[in-house]
Amino acid sequence: MANLATKVCGVTMDPPLVLASGILGVSAASMARVVRCGAGAVTMKSCSLEPRAGHKNPCVLPFEHGMLNAVGLSNPGVAGASKVIAEFRTLSRAPLIASIFAGSVQEFGRVAERIAEARPDIIEVNVSCPNVHSEFGAPFGGDFDATAAITRAVKDAAGAIPVAVKLTLQCPSIGRMAKVCEDSGADAITAINTVGPGMLLDLATRRPILSNGVGGLSGGAIFPLALRAVFEVRRHTGLPIIATGGIATGDQAAQMILAGASVVGIGTGVYTRGVTVFEEVARELGDWVDSTPERSLEALTGAAHG
Amino acid sequence: MANLATKVCGVTMDPPLVLASGILGVSAASMARVVRCGAGAVTMKSCSLEPRAGHKNPCVLPFEHGMLNAVGLSNPGVAGASKVIAEFRTLSRAPLIASIFAGSVQEFGRVAERIAEARPDIIEVNVSCPNVHSEFGAPFGGDFDATAAITRAVKDAAGAIPVAVKLTLQCPSIGRMAKVCEDSGADAITAINTVGPGMLLDLATRRPILSNGVGGLSGGAIFPLALRAVFEVRRHTGLPIIATGGIATGDQAAQMILAGASVVGIGTGVYTRGVTVFEEVARELGDWVDSTPERSLEALTGAAHG
Amino acid sequence: MDDRMRTWPLLEVVEHNPGLKSFYFETDSEVQPGQFIMLWLPGVDEKPFSVSDVDDGRLEVTVKAVGPFTRKLMECRPGERLGLRGPFGRPFAPAEGPPPLLVGGGCGVAPLRFLHRHLERRGLSSTFLVGVRTAADLMFREEYAGGLAMVVTDDGSLGERRLLPDKVGELLANQTYGTLCAAGPEVVLSTLKKLAESRGIPSELSYERHMKCAVGLCGECCLEDNGLRLCVEGPVLRHPLPR
Amino acid sequence: MDDRMRTWPLLEVVEHNPGLKSFYFETDSEVQPGQFIMLWLPGVDEKPFSVSDVDDGRLEVTVKAVGPFTRKLMECRPGERLGLRGPFGRPFAPAEGPPPLLVGGGCGVAPLRFLHRHLERRGLSSTFLVGVRTAADLMFREEYAGGLAMVVTDDGSLGERRLLPDKVGELLANQTYGTLCAAGPEVVLSTLKKLAESRGIPSELSYERHMKCAVGLCGECCLEDNGLRLCVEGPVLRHPLPR
Ligand SMILES: Cc1cc2nc3c(=O)[nH]c(=O)nc-3n(C[C@H](O)[C@H](O)[C@H](O)COP(=O)(O)OP(=O)(O)OC[C@H]3O[C@@H](n4cnc5c(N)ncnc54)[C@H](O)[C@@H]3O)c2cc1C
Ligand SMILES: Cc1cc2nc3c(=O)[nH]c(=O)nc-3n(C[C@H](O)[C@H](O)[C@H](O)COP(=O)(O)OP(=O)(O)OC[C@H]3O[C@@H](n4cnc5c(N)ncnc54)[C@H](O)[C@@H]3O)c2cc1C
Ligand SMILES: Cc1cc2nc3c(=O)[nH]c(=O)nc-3n(C[C@H](O)[C@H](O)[C@H](O)COP(=O)(O)O)c2cc1C
Ligand SMILES: Cc1cc2nc3c(=O)[nH]c(=O)nc-3n(C[C@H](O)[C@H](O)[C@H](O)COP(=O)(O)O)c2cc1C
Ligand code: FES
Ligand code: FES
């Protein structure tokens, strides 16, 4: 089978399939298991300076076409996350991406500085979580200047550790936003976070089902939106792209590669196809690469733009 | 069964199920048939000042979770549309909503003036089509000032005919946008248009499948986004709402009513459930209304906010 | 093959006459005679074509070059990947009882040929009449020259020199058929419809209109009088018509 | 009932002891003993509960009031609508061969009772032992007081005065069982696991951890040592463990 190993910001992921942030990313043991199930790298659940409790249940809500979630960024804080990184290193040699968020530009810098000490392979900057408006104001990810400032602050704090900025569709132009990140020093783009938010109501009680009222949309429903986002990011920048959004098959992963992704993130696919989705997508992706004249993922990356 | 007849801007729709714009809305005969299949009102395909050819095929692309389309607003121009209105009046007594779009504020006024002469029951202003960027610039629907100006221009031209503004999610806040429309004189809000746009690629040819490259996302995938949009519009305004986006069942229609919709639009549901979707949703909606203590749609409208 | 677009390698191309070819694709779908597929030439356009046979896992469409799309299609070679979605639409549904009369005019021969073979494979008999302007327009000439179908041409270059509707009138007068199944130019169809009506038998007629979505949404293919969508309620309509 | 949230009317509530009740819902789902559902009190919270029986289209859960959620639940009356999604997780799968030993401790009685009835309805025999601190903690006391199950209590208020693991040790020493199936506090489970190991029989143990998503995404329920998700790979784990 084709060699799928892929280098992003100097970090080798084999296969180029990454566990997306917020999925099974709270403990070292669970991330190590995801690696045993075929992931080439894992992303931790986003962490903040201090621990956060998150929202009450229901906070995850499957529906016919995907999933709504409003977990509320529950996390053990950067200190707890750093311990998890250290523990993960004892269990697995796969690359680990730490994900961070914060309520201000300065705080992003502080969290980055702290997490950098734990030496993750990449720091992913979550400027785009749709579930924490009230506490942190509108998501930074919709604002070019705020995103630029956060990117610079995190880069300053991260030292040699590469920084990926995770973008949202809830912005005027995701392509231009990616360019802003590139110009501000980002080393990679992750696209996309959940879409919306959305809502589902229960007819009997007439209430939103999610305890938070609304939640971010993920899964199959958003695949075409994520694909087009990746296509746009590639048109606007030369940065490597971690493509995330609705991917659960090799066909979808391949579309992302053609659109410009270097590696592919899987979140909700762990639900729709089970945790061995990584093994399965790797096999399907490999078969596809083998069926092309190029027989090389790198040569296929962005080929839809050719 | 419960009486479902609903008055919106003085126009009675029975049942309160509207054929959404762009679906079977090009000829009088097809709209009349949709009424025979149970729709309480029909919306015409959006028309512009001059005729437009639209995009080549493929321009409509079903996928697992919905549909992408980039029909490109093909239409016979306002003169042709006016003839269709006249013909529809000879075939059906159901209310007809004319949908208009244009490339400038002034032109919106001119199209409104012309279409008003044909006396549709409501004029719907499509400020939000995602498929005509290049020719008309970024969609007006993302810009508060542009949408306000268009609303005023159309209201001025429409005389006594009520005006509904059709909003998109691709704006900073759909609730605030609705308020802007209300303040500018709109009589109703239609929410939402298609989402995105999105893209799907063919692996073999490595091209986007849609001739236009990208297309608007509709159908089941967007229902939670549309529901939350309607909820937000209701929170920000007192205007009646025509809720559109992913609705194909009575349960979904009922969720929209609870979120604040007065009537419900169905587009892609005509594909997923067949053209008799209107009859079926009316029956299901009626059963639900009968199962509530209120037994009245009006009393249930917006009840999720209570 | 389903409603979603997917590309398939072209397995084989057979030229019947200049500008008249059959194209073969692998298929995994149940297709009924009278149904059509949407054929996508990437970068060019996508157009509807009747399926002219499905046999042994191979789907066949037979196309006449009439304009830009069909001319481009004539240049396609085996191995190229073309997009297919479908099958779409209501197929022929001849009534049980006396055998049907199958009538194909021009490109309308394609779906009737599938119907004819389909009935034959089920041990059902039918009478098959094809009519074209001139011999060079005839799809599957090889087959029909051998007598599998009655052939009429406007110019007498093959089979009887006769206008198609005249021949149908004669057949209907001399024998009892269960259903008249036909495809061809709309003017021909409306004459055939009247002939069937006057004999008191139902007709199943396939109409060719421009199609865009093929899934019943865009309204492009709707009939002017009753709003029926030819891509869903058609392309084969039974007379008298449904709602 | 499925993965998606839906509200169902509460059909009936049966009080076993103060703060210990069974709740009944209509159901259309196949549920296996050992599986759990997520129960939503709108406006309050949503928590996991083992199904304690499914009989005649009625799903039963049996709950002990231990905190804010379960106390609120005790106030629910028939007719109220509560949300359910599920069933989730891996059920008990006792090996074929000699009958299993079923052991329920505390609230762990609930899933074992379902398993016991389930086996009974299939004509399969099993030995059923339940253990609680004191008689008032026993779910289905009415049933077990009658001898359907062996009962041990820490304080001797019902059945034998005996610690649950001791009793299990005795049973295992005196008879051959195919599988040890158990649910209860984790400390008890780890003792039982060792007992089964020392006898060389597999154990199927149900673990109760806090759950959030119940569909294998959030990571809340993962085991510290191997990362298994109790909502998917559990709550019933077979020892030795899978990957
Ligand atoms: C349900 C359905 C089934 C069809 N089945 C077949 C089939 O099996 N084989 C086939 O060859 N075509 C079939 N067609 C017609 C086919 O779609 C057209 O031939 C095609 O659109 C021509 O595209 P073009 O760009 O080459 O020519 P266009 O530019 O679209 O047309 C060129 C000229 O040819 C005329 N024309 C279009 N179609 C025909 C026709 N069928 N016969 C004569 N003149 C025509 C047009 O009116 C125009 O004047 C079918 C159409 C429909 C709706
Ligand atoms: C798979 C699974 C199946 C379950 N099945 C059942 C069941 O059938 N019946 C049932 O009553 N409960 C069951 N539980 C436990 C149930 O989910 C908890 O009782 C519930 O979360 C308590 O919520 P609360 O807000 O009332 O109390 P909390 O505030 O969550 O807890 C209050 C106190 O009780 C303790 N506690 C929690 N659960 C238990 C327990 N089961 N026994 C003793 N102490 C406990 C907590 O640690 C805490 O100290 C199950 C849990 C899981 C994970
Ligand atoms: C339950 C859940 C929790 C998530 N939590 C986070 C998070 O903490 N940080 C983050 O950047 N993204 C988070 N996401 C977003 C995912 O990482 C991913 O970007 C998104 O779900 C789209 O990918 P998918 O369709 O494969 O799930 C979460 C998604 C889900 C479903
Ligand atoms: C094929 C197609 C064409 C459409 N054309 C228009 C249009 O011309 N004008 C408009 O305002 N909306 C148009 N729409 C958007 C619909 O009216 C509707 O807002 C959207 O599809 C969401 O509803 P649905 O999920 O029920 O389809 C179109 C949608 C589709 C699928
Ligand atoms: S081709 Fe679109 S409705 Fe028939
Ligand atoms: S409860 Fe979320 S992974 Fe198990």
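Sequence lines set the chain letters: A, B, ... in the order given, protein chains first and strands last, and positions in each chain run from 1.
Proximity to chain A is limited to the backbone of D:Met211, based on heavy atoms less than 4.5 angstrom apart. Proximity to chain D is absent for every atom of A:Met31, based on heavy atoms less than 4.5 angstrom apart. Of the atoms belonging to D:Asp225, it is backbone heavy atoms, and not side-chain ones, that fall under 4.5 Å from chain A. With a 4.5 angstrom heavy-atom cutoff, D:Cys218 touches chain A only via backbone atoms. Proximity to chain A (any heavy atom under 4.5 Å) is restricted, for D:Val44, to the backbone atoms N, CA, C and O. Proximity to chain D (any heavy atom under 4.5 Å) is shown, for A:Val275, by both the backbone and the side chain. For chain D, no part of A:Ala32 is nearby; none of its heavy atoms comes within less than 4.5 Å.
In summary, D:Glu204 and D:Lys193 do not engage in a salt bridge, as defined by a charged side-chain N under 4.0 Å from a carboxylate O. Salt bridge status for D:Glu12 with D:Arg77: absent, with no side-chain N to carboxylate O gap under 4.0 Å. Salt bridge annotation for D:Asp2-D:Arg85: absent, with no cationic side-chain nitrogen under 4.0 angstrom from a carboxylate oxygen. Between A:Lys56 and D:Glu46, none of the side-chain N atoms (NZ, or NE/NH1/NH2) sits under 4.0 Å from a carboxylate O, so this pair counts as no salt bridge.
Cation-pi geometry between D:Arg58 and D:Tyr24 is met: under 6.0 angstrom from the ring centre, within 45 degrees of the axis.
Between D:Phe49 and D:Phe69, the angle of the ring planes stays under 30°, which puts this pair in the parallel group of the 30/60° scheme.
Options A:Leu61, A:Val60, A:Ile209 differ in how many heavy-atom pairs under 4.5 Å they form with chain D, and the most are formed by A:Ile209. Ranking D:Met5, D:Lys212, D:Arg81 against chain A, the residue ahead of the rest is D:Lys212, based on heavy-atom pairs under 4.5 Å. Ranked by heavy-atom pairs shorter than 4.5 Å toward chain D, the options A:Leu203, A:Asp202, A:Thr268, A:Val26 are led by A:Asp202. Ranking A:Pro62, A:Pro58, A:Ser27 against chain D, the residue ahead of the rest is A:Pro58, based on heavy-atom pairs under 4.5 Å. The candidate with the highest count of non-hydrogen atom pairs below 4.5 Å against chain D, out of A:Ile23, A:Val34, A:Asn57, is A:Asn57.
Between A:Ile115 and A:Cys47, some side-chain heavy-atom pair lies under the 4.5 Å cut-off. Within the 4.5 Å cutoff, the side chain of D:Ser22 has heavy atoms near those of the D:Phe140 side chain.
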